[in-house]
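Before any comments, here is the structure.
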Amino acid sequence: DQQVKQNSPSLSVQEGRISILNCDYTNSMFDYFLWYKKYPAEGPTFLISISSIKDKNEDGRFTVFLNKSAKHLSLHIVPSQPGDSAVYFCAASARGNFNKFYFGSGTKLNVKP
Amino acid sequence: DGGITQSPKYLFRKEGQNVTLSCEQNLNHDAMYWYRQDPGQGLRLIYYSQIVNDFQKGDIAEGYSVSREKKESFPLTVTSAQKNPTAFYLCASSAYGGANSYGYTFGSGTRLTVV
């Protein structure tokens with residue numbers, strides 16, 4: 001049973017607009033969340049994180065929002081650029097157990113010029 | 001350049017054979033991990049190691065084995081006992097015994113196919 005779910009396998013957005021990628025989780029013990037970005041034939045790279053003591057974390061064009069009551073997090077990319085086209089994974093860990101992250105299945109973002 | 005290297009990129013295995021996937025890092029990271037990715041699924045943890053000569057089973061360790069004789073190296077053997085080994089395998093590393101706020105550093109993966 002997947003504890004972290006990304007229900008949209010793909011998303012297409014026009015350049016300059018906002019991209020919103022969603023992630024849901026079932027385990028209420030999760031308290032630390034990461035987003036990774038993956039280009040073809042490369043490994044995932046860390047993008048942004050958020051801990052459960054916050055509901056928002058911002059880094060340049062990337063913002064992650066956490067809604068603990070809904071067990072939902074989202075990644076906003078504003079403005080979207082063609083170079084953002086990649087697969088995005090969310091991951092979660094429980095009680096600071098950084099040795100065990102649970103990953104979603106990924107969302108493939110296509111930003112059209 | 002520091003990084004994590006997986007080899008080979010593509011690997012074909014006959015049924016009943018054991019194969020070993022290589023993972024080497026020169027980041028001086030303490031912890032190393034093996035994940036498996038199947039289509040439509042997230043990454044699932046196979047094994048991890050926090051220090052040399054020690055490793056722990058992840059969620060799907062059956063049919064796999066690992067060793068950690070050197071800090072830089074964490075090879076994964078897919079044994080004939082693994083019933084469905086065709087998948088994309090990712091190796092990762094992190095400093096200080098676990099991923100910090102910057103997460104893991106991943107290799108570029110090995111795609112294993114059983115023929």
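Atom set for the values below is all heavy atoms of this structure, side chains included, hydrogens, waters and symmetry mates excluded. Note on naming: letters A, B, ... go to the chains in the order of the sequence lines (proteins, then strands), and numbering restarts at 1 for each one.
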Task: Contact class of B:Gln56 relative to chain A, heavy atoms under 4.5 angstrom - done: neither

Open item on the list: Is the distance between the ring centroids of A:Phe101 and B:Tyr33 under 6.0 Å?
Closed with: no

Task: Engaged part of B:Leu90 at the chain A interface, taking heavy atoms whose separation is under 4.5 Å - done: side chain

TODO: Using only heavy-atom distances, determine whether the side chains of A:Ser19 and A:Ser80 contain a donor-acceptor pair under 3.5 Å.
DONE: yes

Task: Per-residue contact mode, A:Pro9 against chain B (heavy atom under 4.5 angstrom) - done: neither

- [ ] Classify the side-chain pair A:Lys38/A:Tyr36 by whether it contains a donor and acceptor separated by less than 3.5 Å.
- [x] no

Task: side-chain contact (heavy atoms from CB on, under 4.5 Å) between A:Tyr25 and A:Gln3, worked out - done: CA-CA 5 Å; A:Tyr25 60 96; A:Gln3 298 189 51; over 6 Å; no

